Amino acid sequence: MLPKIDLASPAFLSDRRTSYRIFRNETPVATADINDEEVIVLTRFEDAETLFRSPKAVGNPAQDEIPAHLG
């Protein structure tokens with residue numbers, strides 16, 4: 001199970017640079033709630049780059065694969 005980070009916490013919002021540094025060092029892959037949806041957050045550039053370059057990653061899903069609530 002991935003750790004969960006709170007992107008709306010007062011501690012995070014008061015010092016985002018330090019919070020992101022801690023996330024990168026301690027929780028490079030985590031979950032967070034964004035717009036009432038649980039998402040996976042990658043906090044290291046190298047991890048995100050690897051994901052986006054992977055042929056297995058879907059960047060533009062087919063119209064019928066997009067959840068209706070996302071439009």
Side-chain angles (χ1 to χ4, degrees):
M1 182 171 192
L2 294 173
K4 189 165 200 157
I5 56 178
D6 184 359
L7 300 176
S9 74
F12 171 76
L13 295 173
S14 70
D15 188 358
R16 293 179 188 195
R17 288 183 184 268
T18 299
S19 296
Y20 283 126
R21 187 176 308 113
I22 292 168
F23 293 158
R24 280 192 307 273
N25 292 332
E26 297 177 11
T27 54
V29 180
T31 63
D33 290 327
I34 298 177
N35 296 329
D36 297 323
E37 291 284 330
E38 185 174 64
V39 299
I40 295 175
V41 178
L42 302 177
T43 60
R44 293 182 181 162
F45 175 82
E46 294 80 12
D47 295 334
E49 182 178 46
T50 298
L51 173 70
F52 290 127
R53 291 186 183 278
S54 171
K56 294 179 182 179
V58 177
N60 292 314
Q63 184 64 32
D64 61 340
E65 293 178 353
I66 299 172
H69 70 281
L70 297 178

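Atom set for the values below is all heavy atoms of this structure, side chains included, hydrogens, waters and symmetry mates excluded. Predicted model, so just to flag it, every value in this text is computed and none were measured.
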Problem set entry | Pairs involving residues 23-35, ordered by first then second residue, that meet side-chain hydrogen bond (donor to acceptor under 3.5 Å, both in side chains) (sequence neighbours left out) |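 Output for this query lists Lys4-Asp33.
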Exercise. Can Ile5 be reached from Val29 by stepping across I, L, V, M, F, W or Y side chains whose heavy atoms are under 4.5 Å apart?
Worked result: no
For this session: To the nearest 0.5 angstrom, please state how far the CG atom of Leu13 sits from the CG atom of Asp6.
Result: 8.0 Å
Problem set entry | Nearest-0.5 Å distance that lies between atom CG in Leu42 and atom CD in Glu49 | 12.0 Å
Exercise. Within the side chain of Ser54, is there an N or O that forms a donor-acceptor pair under 3.5 Å with the backbone of Leu51?
Worked result: no
Exercise. Which atom pair, heavy atoms only, marks the closest approach of Ser19 to Ala11?
Worked result: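 In terms of heavy atoms, the two residues are closest at OG-O, 3.7 Å.
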Exercise. With sequence neighbours left out, what residues match Phe12 under ring-ring contact (aromatic ring centres under 6.0 Å, His included)?
Worked result: Tyr20, Phe23
Problem set entry | Between Asp15 and Thr18, a side-chain donor and acceptor under 3.5 Å |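 The criterion, which ignores hydrogens and geometry beyond distance, is satisfied for Thr18 and Asp15.
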